Every structure is written in C-alpha cells, then in structure tokens.
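Nothing here was measured: the structure is a model prediction, and the numbers come from that model. Note that ligands are numbered from 1 as they come in the structure, with each ligand's atoms numbered from 1 the same way.
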Amino acid sequence: MATTIRNIVILTGAGISAESGIDTFRAGANGGPSLWEQHRVEDVATPEAFARDPDLVHRFYDMRRAAIQTKRPNPAHVALARLDAEWPGSLLIVTQNVDDLHERAGAPLGHNQRLLHMHGEHLKAWCTSCDIRSPWRKELSSRPPCPVCGARGLRPDVVWFGEMPYRMGDIYAALREADLFVSIGTSGAVYPAAGFVQNAVELGVHTLELNLEESQGSRMFHETRLGVASEVVPTWVDEILGRD
Ligand code: BV8
C-alpha cells in the first residue's frame with residue numbers, strides 16, 4: 001500500500017443503508033423480500049418500463065421515497081461524515097444509493113460536494129418538459145405539476161438501467177488521483193460502478209472492500225474485511241484517521 005494515503009475514493013451501495021432498515025436489492029431489511037424479489041428490474045427501473053406502465057413505476061418510487069423519510073442514518077454513515085469533516089486530503093464518496101442518509105449523517109457532506117449520487121436521488125423530481133430537477137418529497141403518481149414550468153411530466157430523478165450514470169467524468173478523474181479506493185456494502189453486480197475496482201487496480205491504487213459477505217468483485221480487491229457496515233466502517237475510519 002502507498003506509504004502515505006492522501007486521496008481517497010469511496011464507493012457505497014445498498015449494504016451501507018441496510019441497518020437503517022432500507023431494503024437492499026438482494027435482501028430485504030429485517031429478512032423480508034428484497035427489492036428485486038418484489039419487482040422485476042425491467043418492470044420498474046428502465047425507461048421502457050416507464051413508457052409502458054408509468055403508474056407502476058411511480059408507485060414503486062413513491063413507496064421507496066416515502067419509506068426513506070422514516071429511516072435514520074446508522075453508525076456507518078456517521079463515521080463517513082466524520083471522515084469527511086476531518087480528512088485533510090481529497091475525498092470523494094460515490095454512492096449508488098438514492099436515499100439521503102449520507103447527507104443526513106453530517107451536514108458537511110452535502111455542501112462541499114465530497115458526495116456524489118451516481119444513480120440519482122429519491123428526493124428530487126426531474127421534469128421531462130423543462131429538464132429542471134426540483135427537490136421532491138411527496139408522490140408523483142397523481143402527476144403533480146412541475147414547480148418550475150407547470151407541465152405534468154415529472155419523473156423520479158434516478159438513473160434507470162440503460163441510462164448513463166451521473167458525473168462519470170468526475171468519478172474517473174478522482175480515481176486517477178486516488179491512493180486508496182474503498183468499496184462499502186455493494187455486491188458488485190451493476191456496471192459501470194462494479195468496474196471501478198478494476199479501474200483502480202489498473203491505476204495502481206490500493207483497494208479495500210468492507211462488506212457483509214464476499215461480493216462478485218472480491219477477488220479483485222487487495223484487501224477484504226467482512227462484517228456489518230455499522231461495525232467495520234467506524235473501525236476503518238478510526239484507523240485511517242489514526243485514532244485506533
Ligand atoms: C449504463 C437507481 C451505459 C434506481 C440503479 C457491463 C456488463 C454487464 C452489464 C452492463 C455492463 N455495462 C452496463 C450494463 C447494463 C447495466 C448492468 O450493470 N446490468 C447488470 C444488472 C448486469 N448497467 C446499466 O444499465 C447502467 N447504465 O451502463 O449506461 C454506460 C456504459 C458505460 C459507462 C457509462 C454508461 C445503469 C445502472 C444503474 C441502474 N440504477 N439504481 C433505483 O435505485 O431504483 S442500480 C441499483 O442496483 C443500485 O443503485 C445499485 O447500483 C444496484 C444494487 O447493487 P448494490 O447497491 O450493491 O445492492 P445489492 O443488494 O446488490 O448488494 C448489497 C450488498 O451489501 C451485498 O453484497 C451484501 O452482502 C451487502 N450487505 C448487506 N447488508 C450489509 C451489507 N454490507 C455491510 N453491512 C450490511 N449490514
């Protein structure tokens with residue numbers, strides 16, 4: 001591992017929010033059915049699905065948008081917010097999650113852009129008429145008017161399968177500058193996010209995985225630590241901040 005670590009890129013997935021009671025895509029919180037067991041991806045998370053049955057897609061996202069507002073950040077989110085507040089080098093947290101638990105774990109995250117939602121956010125609505133994204137906490141099933149242009153063409157501001165993830169240029173630029181890439185709570189099943197570890201290894205970056213179980217990308221990491229995020233993430237943050 002590089003002697004001094006200055007620039008860190010962290011990728012988070014549904015596993016970091018599991019202990020906050022948010023279903024992951026492969027396992028339901030509290031043992032219930034996973035998101036993808038409740039709905040087929042191609043029925044609810046593709047542009048084609050939205051064109052075919054917008055009511056079903058709106059119901060799916062209205063349910064999740066309402067649910068995350070009843071959840072709270074857990075010690076893993078709080079530990080990353082502490083790292084963000086205290087890390088002297090560069091840090092970019094790239095989340096695949098569309099919940100706002102990273103932001104709610106520590107105000108600094110939102111303001112100084114050290115957090116990036118590559119797959120969008122539940123709490124934003126995107127107007128397909130004026131192309132503006134607006135903060136949104138309520139439902140979209142009743143086709144409410146866009147707060148900017150008044151058109152009734154709002155969609156969830158999430159990246160569906162087949163759509164280009166957000167700010168890929170910023171992510172690759174941060175990986176090129178990184179000394180350390182850390183992946184937390186992700187199964188490594190969805191691309192291009194699942195390809196970041198390979199990109200990092202090819203760039204000579206040290207790679208660390210923190211996950212409940214082996215993932216599809218585990219063999220590519222220099223180091224894997226297994227356990228629940230609420231335990232392994234605070235321990236790692238203490239270590240990297242030299243507090244252990
Ligand atoms: C694109 C938003 C063109 C919506 C999401 C290459 C090869 C094969 C396929 C492809 C490829 N390139 C592209 C594709 C197609 C596709 C894809 O990857 N398909 C897969 C299914 C094979 N990708 C796309 O369509 C992407 N777009 O490629 O555009 C392009 C190409 C190149 C460069 C640029 C653009 C768009 C994908 C984004 C889709 N939208 N979310 C919504 O949320 O509804 S994806 C969604 O699913 C999440 O955001 C996340 O990315 C993924 C779920 O994965 P995880 O977060 O990892 O969750 P999962 O449940 O799977 O795993 C949880 C993990 O946590 C587990 O490992 C578990 O052990 C662990 N865990 C559980 N509890 C805990 C824990 N860990 C710690 N503590 C715990 N307590």
Does [X] use its side chain to pair, donor to acceptor, with the backbone of [Y] at less than 3.5 Å?
X: Asn97; Y: Ala14; value: yes
X: Asn211; Y: Gly185; value: yes
X: Gln69; Y: Arg65; value: yes
X: Asp62; Y: Lys138; value: no

Could you list which atoms of ligand 1 come closer than 4.0 Å to a heavy atom of [X]?
X: Thr186; result: 55 (P), 57 (O), 64 (C), 65 (O), 67 (O)
X: Gly13; result: 56 (O)
X: Val228; result: 78 (N)
X: Tyr61; result: 4 (C), 42 (C), 44 (O)
X: Ala189; result: 20 (C), 22 (C)
X: Gly185; result: 63 (C), 64 (C), 65 (O), 76 (N)
X: Ala18; result: 73 (N)
X: Val159; result: 2 (C), 4 (C), 5 (C), 38 (C), 39 (C), 40 (N)

For this session: Say whether Leu241 and Val78 are linked into one hydrophobic cluster, either directly or through other cluster members, by side-chain heavy-atom distances under 4.5 angstrom.
Result: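 Different clusters: Leu241 never reaches Val78 through Ile, Leu, Val, Met, Phe, Trp or Tyr contacts under 4.5 Å.
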
For this session: Could you tell me whether Arg82 and Asp238 have a side-chain N and a carboxylate O separated by less than 4.0 Å?
Result: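 The answer is yes: the pair qualifies as a salt bridge.
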
For this session: Please work out which of the three classes, parallel, tilted or perpendicular, describes the rings of Trp126 and Tyr166, given edges at 30° and 60°.
Result: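 The arrangement is perpendicular - the two ring planes meet at more than 60°.
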
Nearest to [atom] by heavy atom, [options]: which?
atom: atom 34 (C) of ligand 1; options: Met164, Glu231, Glu214; value: Met164
atom: atom 52 (C) of ligand 1; options: Val190, Asn74, Val158; value: Val190
atom: atom 74 (C) of ligand 1; options: Pro192, Gly15, Pro156; value: Gly15

For this session: Verify the neighbour count for atom CZ of Arg72: are there more than 12 heavy atoms of other residues, nucleotides or ligands below 6.0 Å?
Result: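 Counting other residues, nucleotides and ligands, CZ of Arg72 stays at 12 neighbours or fewer.
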
Exercise. Measuring from the heavy atoms of Ser230, does anything fall under 4.0 Å of ligand 1?
Worked result: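 Outside the 4.0 Å threshold, so no.
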
